[in-house]
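Note that the numbering runs from 1 along the sequence shown for the chain.
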Amino acid sequence: MSFIVMGFVDVVGVSTGYIQQDFDLPDNLAQLIPSMAFIWFFLLSVPVGIFQDKWGKRNMLNLGMAITGLGMLIPFLGYSFPIMLAAFVFLGIGNTIVQVSANPLLHDVAPREKFSSFMSLTQFLKAIVSLLGPVIATFMAAQFGNWRLVFAVYAITSLISVGWLFFTNIIESGSENDPATYKSCFLLLKNPFILMMVIGIFLTVGADVGMNSNIQKYLMSVFGLEIEEASLGISLYFMALMISRFLGAILLNWIKPHLFFVITAIVALLSVFLMLIAPSSTIGLLAIFLIGLGSGNLFPLIFSITVDRMPERANEISGLMIMAVSGGAFIPPLMGMISKNFGALMSLGVLAICMIYLLLVSLRVEKR
């Protein structure tokens, strides 16, 4: 359930399209919406990782889901651009806490040799929610004339999850080292391997959020689709993520994570190039699907490979890794700026650069 709640943050993609249309926002201003959600990963991840080392992962996870639920109620206070930004601030804070807490808590309860597989499985559950977000929003808009009702569904689910976890007993593993501090967290970045993987998470999530929040713009500006049709392109992307993570959960029982990392990075990079040269909306949608198929396991692979290298520093690594999720706050505005000045197609070059780096990292990891 916590990974289901974790998936709620991806509603930022379809929300960006509707809010931009409703308030007639330029591309660069519209991309502030995902930034409001993802900037908190940069600001809060390390403090949360340190605090949960003392207070416990389960307690922090419940706090994060509660804040997420409250944030999902804010859009019903009124409908304006500032109110929607406030809602995504709460969503971002809550989701930051959930991601910092849920992943190492999973490491506590999963067999170590199955951790990569379990990570892909939980990301598969998250992808189901990400897939359903645009579908629910489009359904609410068509049936009730209010796409924001998707937030009511998310609020109720979050609060149910809080109650469930509150009454669930979990035995957490304690740290054998001294309690985590800011210094101990950031000193890990002196390790070249940790630094390389943290940057990898930054670009993975940045590319994912950049895809999510720009698919509508790409399909509308390049191929002339209407926003309802273009919104379904987001669902196609998340369907590919869901399939990718489900297959990853199975295949990682037999394929080494390092080799799987290389294969998925190659598929993702080639698919971005296909998106750039797509001659029709059909090929464009195929490229979107293939990008999701290739990139779906990048986050769980990078996370699990890194934690497995230093499991005794799981809380600190989790804080750094989730801090790097703030890539979702930096990459979309960069794409929005390029899109405004040079067109939606040129902004995809940012995705290509991200994927090239990830391919190089995967080759380095496989070699080591």
Spell out, yes or no, whether L232 and V150 are grouped together once hydrophobic residues are joined by side-chain heavy atoms under 4.5 Å, including indirect joins. no
Taking the side chain as every heavy atom from C-beta outward, state whether V205 and F38 have any pair of such atoms under 4.5 Å apart. yes
Under 4.5 Å between any side-chain heavy atoms of M140 and F151, yes or no? no
Side-chain contact test, heavy atoms from C-beta onward, threshold under 4.5 Å: evaluate it for I288 versus M275 and give yes or no. yes
Checking V5, V162, V100, L105 against L61 for side-chain contact (heavy atoms from CB on, under 4.5 Å), the one that qualifies is L105
Is it the case that atom CH2 in W55 sees more than 12 heavy atoms from other parts of the structure closer than 6.0 Å? yes
Determine whether more than 12 heavy atoms belonging to other residues, nucleotides or ligands lie under 6.0 Å from atom CE of M346. no
With a 4.5 Å cut-off on side-chain heavy-atom distances among I, L, V, M, F, W and Y, is there a chain of contacts connecting L298 to I353? no
From CA spacing to verdict: side chain to side chain contact (heavy atoms under 4.5 Å, CB included), K190, L187: CA-CA 6 Å; K190 288 188 174 182; L187 278 177; 3.9 Å; yes
Do I74 and F88 make a side-chain contact, defined as non-hydrogen atoms from C-beta onward lying under 4.5 Å apart? no
How would you list, by chain and number, every residue that makes a side chain to side chain contact (heavy atoms under 4.5 Å, CB included) with L132, sequence neighbours excluded? I128, I136
If Ile, Leu, Val, Met, Phe, Trp and Tyr residues are connected whenever their side-chain heavy atoms lie under 4.5 Å apart, and connections chain through other members, are F166 and I97 in the same group? no
Do F303 and I263 sit in one hydrophobic cluster, given that two such residues count as connected whenever their side-chain heavy atoms are within less than 4.5 Å of each other, even indirectly? yes
Establish whether I250 and F261 are linked, either directly or via other cluster members, by ILVMFWY side-chain heavy-atom contacts under 4.5 Å. yes
Count the heavy atoms belonging to other residues, nucleotides or ligands that lie under 6.0 Å from CZ of F76, then report whether that count exceeds 12. yes
Look at atom CZ of F3 and say whether more than 12 heavy atoms of other residues, nucleotides or ligands are closer to it than 6.0 Å. yes
Check whether more than 12 heavy atoms from other residues, nucleotides or ligands sit under 6.0 Å from atom CZ of F260, and answer yes or no. yes
Are the side chains of M119 and L106 in contact, using a 4.5 Å heavy-atom criterion? yes
For the residue pair L149 and F139, establish whether any side-chain heavy-atom pair is separated by less than 4.5 Å. no
Test your reading of the model: is there a side-chain donor-acceptor pair from S158 to the backbone of A66, 3.5 Å cut-off? no
Which residue in the set F81, Y79, F23, W147 passes ring-ring contact (aromatic ring centres under 6.0 Å, His included) when paired with Y18? W147
